[in-house]
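Structure first, commentary second.
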There are 2 protein chains.
Amino acid sequence: MEKQISQAVIKRMPRYYRYLGELLDNGVERISSNELSIRMKVTASQIRQDLNNFGGFGQQGYGYNVQYLYEEIGKILGLDRQHNIIIIGAGNLGQALANYVKFEKRGFVTIGLFDVNPAMRGLSVRGIPIKMMDELEDFLADNKVDIVALTLPKEMALDVTDRVVKAGIRAIWNFAHLDLEVPEGVVVQNVHLSDSLMQLSYNIVKHEMEQE
Amino acid sequence: MEKQISQAVIKRMPRYYRYLGELLDNGVERISSNELSIRMKVTASQIRQDLNNFGGFGQQGYGYNVQYLYEEIGKILGLDRQHNIIIIGAGNLGQALANYVKFEKRGFVTIGLFDVNPAMRGLSVRGIPIKMMDELEDFLADNKVDIVALTLPKEMALDVTDRVVKAGIRAIWNFAHLDLEVPEGVVVQNVHLSDSLMQLSYNIVKHEMEQE
DNA sequence: TAGATTGTTAATCGATTAACAATC
DNA sequence: TAGATTGTTAATCGATTAACAATC
């Protein structure tokens, strides 16, 4: 078995990808770990360690080829394939995700939108029709769905999670404010906005105290 | 100076707060670190270490009083005060935040919404009128604003950040997909949705490989 | 009192940084 | 070749876990 790469490292990879994308846009051809470290405000050592978890992408005396490294990180993050997403919960947050066109450039394509609200029947967002929840299982059977985004009230989240997991879904992007219970082999990525806001709040209070 | 508490610890506090809130709702009066550790799937040791960064909230032989601990963590996270928020960028994501009523229960109150789009002039979300960007400085001068949420395209983010920082804002909740440059003393909390999605994507690919 | 469980110190583990030989 | 910079090993730092004396 391959050595396990820590989530701390994985979490940093999208940021490298973003910075390399900007360099690429600016026509920069090569970059050293040291120069990148200055821009990103991390240590050069960390950059080299992180990248070498996945392979040697650089060249001694030269640094890293921006285009090549950008593409390699893209592959590591699975951006070289298409991921079909359905969004369950077509409220503002669900619609915000459905409207976020830039995801598609990275291969994340929203192919379905679901809601419980009958008033939404027949409506669509960016050409994607909003379906009712009783159509969920049929849709999952008829379409290749890789990721389910849960943008619904937490009261419904457990039930819906059970349904999609039963239907064979192995990846959930969870915006509901609770911890999902899923069987082994199902990946959950949480986005807990209120946790993020509380962390910000802590840091505000801390900062104020430091002023005094 | 007080000992610095790591962000790793801070990040876990909202989750404790959430679990304690649920226990409270369920009428549970006291809980031991061990029992909580089983529910939360962390070690009891970590719970005790985390809490003791802020003080001794428990009692030997008894455990923790749920109500008391819940309130104390609330205070640590600054939830015992009101935080006024303005949201800049009244697209779906901005509106989603403005509509998220539960934030208000924790003291986070949206008092303003701003957008560049003239078509939005006069519209309002949940009773909060959408203002145009040229009204920003006046609004900040006339109102106590604690947090600015940036839910706008990254092209505008740097400019707007400069403006609000100049106006004295010390906390930014950043949803724009770039790293903000802010002076010392300004706190930034990032929510990079596409980074989160990429992390999920990595874990999907990894899981698939492990199956083979 | 005896039992339970904290608060806290000590041990371990993992992640980050530093250093440098390998090499382009 | 000389200089630059990687890949990688070693050292350090910090975070997590274990252990246990203090104490309710």
Side-chain angles (χ1 to χ4, degrees), chain A residues 1-16 19-20 23 28-73 76 199 202-203 206, chain B residues 1-16 19-20 23 28-73 76 199 202-203 206:
Chain A
M1 188 160 115
E2 300 282 310
K3 66 179 174 312
Q4 188 72 8
I5 295 163
S6 80
Q7 288 297 315
V9 173
I10 304 308
K11 235 184 148 73
R12 286 193 289 266
M13 298 307 287
R15 188 154 178 265
Y16 294 137
Y19 272 80
L20 288 163
L23 289 169
V28 178
E29 263 180 35
R30 69 187 184 95
I31 192 151
S32 67
S33 58
N34 193 251
E35 206 186 320
L36 188 58
S37 79
I38 292 164
R39 290 176 189 253
M40 295 186 66
K41 291 172 184 156
V42 297
T43 62
S45 210
Q46 180 165 78
I47 293 174
R48 294 203 299 276
Q49 286 279 21
D50 282 352
L51 296 179
N52 277 89
N53 279 299
F54 303 98
F57 303 120
Q59 198 171 77
Q60 282 98 329
Y62 172 88
Y64 298 88
N65 179 286
V66 173
Q67 167 102 46
Y68 174 68
L69 185 56
Y70 178 76
E71 282 167 10
E72 288 302 311
I73 294 177
I76 289 163
Q199 196 182 345
Y202 171 85
N203 285 312
K206 185 189 69 175
Chain B
M1 187 159 112
E2 301 283 309
K3 66 181 175 310
Q4 188 72 10
I5 295 163
S6 80
Q7 289 297 313
V9 173
I10 305 308
K11 235 183 148 73
R12 286 193 290 267
M13 298 307 287
R15 188 155 177 264
Y16 294 137
Y19 272 80
L20 288 163
L23 289 169
V28 179
E29 262 179 36
R30 69 186 184 96
I31 193 151
S32 67
S33 58
N34 193 251
E35 205 187 321
L36 188 58
S37 79
I38 292 163
R39 289 175 189 254
M40 295 186 66
K41 292 174 181 155
V42 297
T43 63
S45 210
Q46 181 165 76
I47 293 174
R48 294 204 299 276
Q49 285 279 22
D50 282 352
L51 296 178
N52 277 89
N53 280 299
F54 304 99
F57 302 120
Q59 196 170 79
Q60 282 97 331
Y62 172 87
Y64 299 87
N65 178 285
V66 173
Q67 168 103 47
Y68 175 68
L69 186 56
Y70 178 76
E71 281 167 11
E72 288 302 311
I73 295 178
I76 289 163
Q199 196 181 344
Y202 171 86
N203 285 313
K206 185 189 68 177

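Naming: A, B, ... by sequence-line order, numbering from 1 per chain.
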In whole Å, I'd like the distance from the [atom1] atom of [X] to the [atom2] atom of [N].
X: A/M40; N: C/dT16; atom1: CE; atom2: P; result: 13 Å
X: A/I31; N: D/dA4; atom1: CD1; atom2: P; result: 17 Å
X: B/I5; N: D/dG14; atom1: CD1; atom2: P; result: 15 Å
X: B/I47; N: D/dT16; atom1: CD1; atom2: P; result: 13 Å
X: A/N34; N: C/dA18; atom1: CG; atom2: P; result: 12 Å
X: A/Q4; N: C/dA15; atom1: CD; atom2: P; result: 10 Å
X: A/Q46; N: C/dT16; atom1: CD; atom2: C1'; result: 7 Å
X: B/N53; N: C/dT8; atom1: CG; atom2: P; result: 11 Å

Original post:
Stepwise, does the side chain to side chain contact (heavy atoms under 4.5 Å, CB included) test hold for A/V42 with A/D50?
Top reply: CA-CA 11 Å; A/V42 297; A/D50 282 352; over 6 Å; no

Original post:
If you take all heavy atoms of B/S37 and B/A44, which pair is closest and at what distance?
Top reply: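 Smallest interatomic distance, heavy atoms only, reads CB-N, 3.3 Å.
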
Nucleotide of [options] approaching [X] most closely (side-chain heavy atoms):
X: A/N52; options: D/dT8, D/dT16, D/dT6; value: D/dT8
X: A/Q60; options: D/dC24, D/dT8, D/dT5; value: D/dT5
X: A/S45; options: D/dT5, C/dT17, C/dT9; value: C/dT17

Original post:
What bend angle does the helix from C/dG3-D/dC24 to C/dC24-D/dG3 show across its length, from five-pair end axes and to the nearest 10 degrees?
Top reply: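 Nearest ten degrees gives 10° for this helix.
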
It should be established whether [X] places a side-chain nitrogen or oxygen under 4.0 Å from OP1 or OP2 of nucleotide [N].
X: A/Y64; N: D/dG7; result: yes
X: B/R30; N: D/dC24; result: no
X: A/R12; N: C/dA15; result: no
X: B/R48; N: C/dT6; result: yes

**OP:** Measure from the side-chain N and O atoms of B/R12 to the backbone N and O of B/Q46, and report whether any donor-acceptor pair falls under 3.5 Å.
**Re:**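 Answer holds: no.
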
Original post:
Which residue, A/E35, A/R39, A/R30, A/E29, forms the side-chain contact (heavy atoms from CB on, under 4.5 Å) with A/L23?
Top reply: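 With A/L23 as partner, side-chain contact (heavy atoms from CB on, under 4.5 Å) holds for just one option, A/R39.
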
**OP:** Could you tell me whether A/T43 contacts a base, only the sugar-phosphate backbone, or nothing, with contacts defined as non-hydrogen atoms closer than 4.0 Å?
**Re:**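 Sugar-phosphate only.
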
Subject >> Donor-acceptor pair (no angle test) under 3.5 Å: A/Q49 side chain, C/dT17 base >> reply: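 Present.
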
Subject >> Side-chain touch B/L51/B/Y64, heavy atoms, less than 4.5 angstrom >> reply: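 When only atoms from C-beta onward are counted, B/Y64 and B/L51 do touch, with a gap below 4.5 Å.
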
**OP:** First locate atom CZ of B/F54, then atom CD1 of B/I73, and finally report the distance between them rounded to the nearest 0.5 Å.
**Re:**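 With rounding to 0.5 Å, CZ (B/F54) is 8.5 Å from CD1 (B/I73).
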
Subject >> Intermediate values then yes/no, side chain to side chain contact (heavy atoms under 4.5 Å, CB included), B/Q7 and A/N203 >> reply: CA-CA 9 Å; B/Q7 289 297 313; A/N203 285 312; 2.9 Å; yes

